[in-house]
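So you know, we letter chains A, B, ... as the sequences are listed, proteins then strands, and number each from 1. When reading the values below, keep in mind they use all heavy atoms of this one structure, side chains included, and skip hydrogens, waters and symmetry mates.
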Amino acid sequence: MTHENTSGTHSLNFIEQIIEEDIKNDKHGGRVHTRFPPEPNGYIHLGHATSICLNYGLAVKYKGLFNLRFDDTNPESEDIEFVDSIRQDVHWLGVDWENREFYASDYFPQLYDFACQLIRNGKAYVDFSSAETIAEEKGTPTEAGKESQYRNTKPEENLRLFEQMKNGEFEQGTCTLRAKIDMASPNMLLRDPIIYRIKKAHHHQTGADWNIYPMYDYAHPVSDSLEGITHSICTMEFEAHRPLYDWYLRELGIFPSRQIEFARRNFNYTIVSKRNLKRLVNEGYVNGWDDPRMPTVAGLRRRGYTSQAIREFADRIGVARRENVADIGLLEFCVREHLNKIATRVMAVLDPIKVVITNYPEGKTEWLDAENNPENPEAGNRSVPFSRELYIERDDFMENPPKKYFRLSPQKEVRLKHAYIIRCDEVVKNEAGEVVELHCSYYENSKSGSDTSGISVKGTLHWVSAATARTAEVRLYDRLFTQPEPGAQEEDMTTFINPNSLQIVQTFVEPSLQEATLGQAFQFIRKGYFCLDKDSTPDNLVFNLTVNLKDSWKG
RNA sequence: UGGUCCAUGGUGUAAUUGGCAACACGUCUGAUUUUGGUUCAGAAGAGUCUAGGUUCGACCCCUGGUGGACCAACCA
């Protein structure tokens, strides 16, 4: 049975080619089973997100299965807080792992038994050498290592010692269980790698059950194998580990999962390494892991990015084996594309200047009809109040405008969105010569939808009626770094922190925004996409800028 | 200097496995528009790191360079 390329005209990436080849050869009965194996020691970020999309996407595309498996083999650095956040973030990304949520720690008993099997077969031994000695005897890439003095201990003795390790009869650090492979291998990872080490730490899943914990290189292939993972996809730095991955599965004679490596995705204007992310949080450059400037999934979500946009992004940047730096601008394109379809249009003035419509009756309020989304008529309409005193954006007025300026300037006309055409008659300034107020007149017959004035204007401005305006705090975000590759420079990344990555402004917004809810997407007309922040209260509305609207005005 | 991997417009991926390089983002024009958004039409921009070789023909195969990434945690 042949499987068609389900992406139609799209060509296959190298992983899909491998998978389709496997299916063609009826390997594993054509079955496809992938997994995402996060270590619960931090929040997941955009890099993880694209990897999740890759693994889950492949399972979906080939009608296979996807597992979420926590790689929790190091209790000293892991925490239940992170398994909770990861579970939540992966789910938010739109991934359904059904009931297949696993933990490497689920396999501790089997991992132990398999280790005993290796010992019995003379493929593993307990080594009492110190960490320093082991490092010394490991050799260097250019010279072979030396065999440990414990390398030829008899299996029965090793079995006994290993059991003592398990029973906590040795202190942490006194010995390890090592695989007996080849101390002269050009691949350092094959020079008798450690299989188990002693850690007398509390584990978030298994408590105090274990005194020994398996290393990643051992636990990972076995976990993959036990779960029947057909294609174990990871990043390039694990390429050198593959011979070891294969060695364990072969020696144990268990299901031969296959590891496939791809080049990790880097993104410009941000950093994505856990260590540096942690620094940003700990050293106070941002306000926590879910700070909207963080490239964490939690941060992106709070910023107003949608999971659809992230998935689309992951899809568009593709996957390959060469070094790459994806353009974060493409992610912005993807959110705009999605938000344009779903965001409710509203009016908000971020940097207000007052406008008085001198020929409009005092005390009068008109409720004007406004569409919620021109891209989606089903989104319906709402009413916005119009009155004599309004606010418009300060940079929508210029006293001495350049030729192509379409906005308001003395004696010029513009349309107020959903409302009337107005003319600027008078500019009111304070003693410092700053413009503080504009006096305008409106054309009564130019009302939006029933305009008979015959006046044509090139500019349309957003506005908010002063009397009914709500105040709101708006948090304007910019990229966290001013350098395209802040993590790849000589200087410390913090020297490239953008001092203007967060700007908080007090604004006036239309009254309908009082009803805004968490998770709802808005477009502040002519400005950008925004969402309510979790800090918001009915008395103090807070909005986050997700991404600006494209702006082709070069003024 | 031991091993492994990688190299295609500014960026990210393609090129049906050898038939004179495509798509997306970005950039630049123009049209439409009651968002300088969206949409639509179009343009510029690489001859595939380099030098040879095989071939009628090479981004693709071979050899040698060059450049870059990764590998010597009781981390993952």
Parallel, tilted or perpendicular: ring planes of A:Y103 versus A:F70, cut at 30 and 60 degrees: parallel
Sugar-phosphate only, base, or nothing, as touched by A:Q172 at under 4.0 Å among non-hydrogen atoms: nothing
Nucleotide opposite B:rC59 in a Watson-Crick or G-U pair, distances under 3.5 Å: none
Complementary nucleotide of B:rU66, counting Watson-Crick and G-U pairs under 3.5 Å: B:rA7
Plane angle bin for A:Y112 and A:W210 - parallel if under 30°, tilted between 30 and 60°, otherwise perpendicular: tilted
Pairwise C1' distance for B:rA72 and B:rU11, with rounding to whole Å: 35 Å
Pair of N/O donor and acceptor under 3.5 Å linking B:rU38 base with A:R336 side chain: no
Sugar-phosphate only, base, or nothing, as touched by A:A240 at under 4.0 Å among non-hydrogen atoms: nothing
B:rU48 and B:rA14, which share atom name C1', separated by this distance in whole Å: 12 Å
Full working for salt bridge (charged side-chain N to carboxylate O under 4.0 Å, His left out) between A:R382 and A:E510: CA-CA 11 Å; A:R382 70 186 187 288; A:E510 64 169 74; 2.6 Å; yes
Within 6.0 angstrom of A:E81 CD, more than 12 heavy atoms from elsewhere: yes
Value in whole Å for how far the C1' atom of B:rG37 lies from NZ of A:K550: 9 Å
Between N or O atoms, less than 3.5 Å apart, protein on one side and nucleotides 15-18 of chain B on the other: list the pairs.
residue: B:rU17; atom: O4; partner: A:Q17; partner atom: OE1; Å: 3.1

Touch class at under 4.0 angstrom, heavy-atom based, for A:P37 against every strand present: nothing
P atoms of B:rA15 and B:rC61, separation to the nearest Å: 12 Å
Sugar-phosphate only, base, or nothing, as touched by A:R407 at under 4.0 Å among non-hydrogen atoms: base
Touch class at under 4.0 angstrom, heavy-atom based, for A:K199 against every strand present: sugar-phosphate
Sugar-phosphate only, base, or nothing, as touched by A:H462 at under 4.0 Å among non-hydrogen atoms: nothing
Under 3.5 Å on both distances, the Watson-Crick or G-U partner of B:rA15: none
C1' atoms of B:rU17 and B:rU39, separation to the nearest Å: 39 Å
Euclidean distance for C1', B:rG47 against B:rA58 (whole angstrom): 12 Å
B:rU16, syn or anti by chi within 90 degrees of zero: anti
Any donor-acceptor N or O pair under 3.5 Å, side chains A:D327, A:N268: yes
Side-chain N or O of A:R191 closer than 4.0 Å to phosphate OP1/OP2 of B:rC71: no
Strand partner of B:rG36, provided both Watson-Crick or wobble distances fall under 3.5 Å: none
Sugar-phosphate, base or nothing in reach of A:S552, heavy atoms under 4.0 Å: sugar-phosphate
Touch class at under 4.0 angstrom, heavy-atom based, for A:Y213 against every strand present: nothing
Sugar-phosphate, base or nothing in reach of A:D551, heavy atoms under 4.0 Å: sugar-phosphate
Below 4.0 Å: OP1/OP2 of B:rC6 and any side-chain N or O of A:R321: yes
Quiz item: A:T460 side-chain donor-acceptor pair to B:rU35 base, under 3.5 Å: no
B:rG12 versus B:rG2 - spacing of their C1' atoms, nearest Å: 34 Å
A:T270 versus A:R479, side-chain donor and acceptor atoms under 3.5 Å: no
Side-chain N,O (A:T73) to OP1/OP2 (B:rA76) below 4.0 Å: yes
Spacing between A:M183 atom CE and B:rG2 atom P, to the nearest angstrom: 20 Å
Touch class at under 4.0 angstrom, heavy-atom based, for A:S129 against every strand present: base
hbond_proxy A:R526 side chain to B:rU34 base (donor-acceptor, 3.5 Å cutoff): no
Sugar-phosphate, base or nothing in reach of A:G459, heavy atoms under 4.0 Å: nothing
Distance, C1' atom - from B:rA69 to B:rU63, rounded to whole angstrom: 23 Å
Identity of whatever pairs with B:rC75 - Watson-Crick or G-U, under 3.5 angstrom: none
A:Y125/A:Y150 aromatic ring centres below 6.0 Å: no
Closest nucleotide among B:rA69, B:rA76, B:rG12 to the A:H241 side chain: B:rA76
Short side-chain N/O contact to B:rU13 OP1/OP2 from A:N324, under 4.0 Å: yes
Side chain A:E375 and base B:rG37 donor-acceptor under 3.5 Å: yes
Ring centres under 6.0 angstrom apart (A:F162, A:Y196): yes
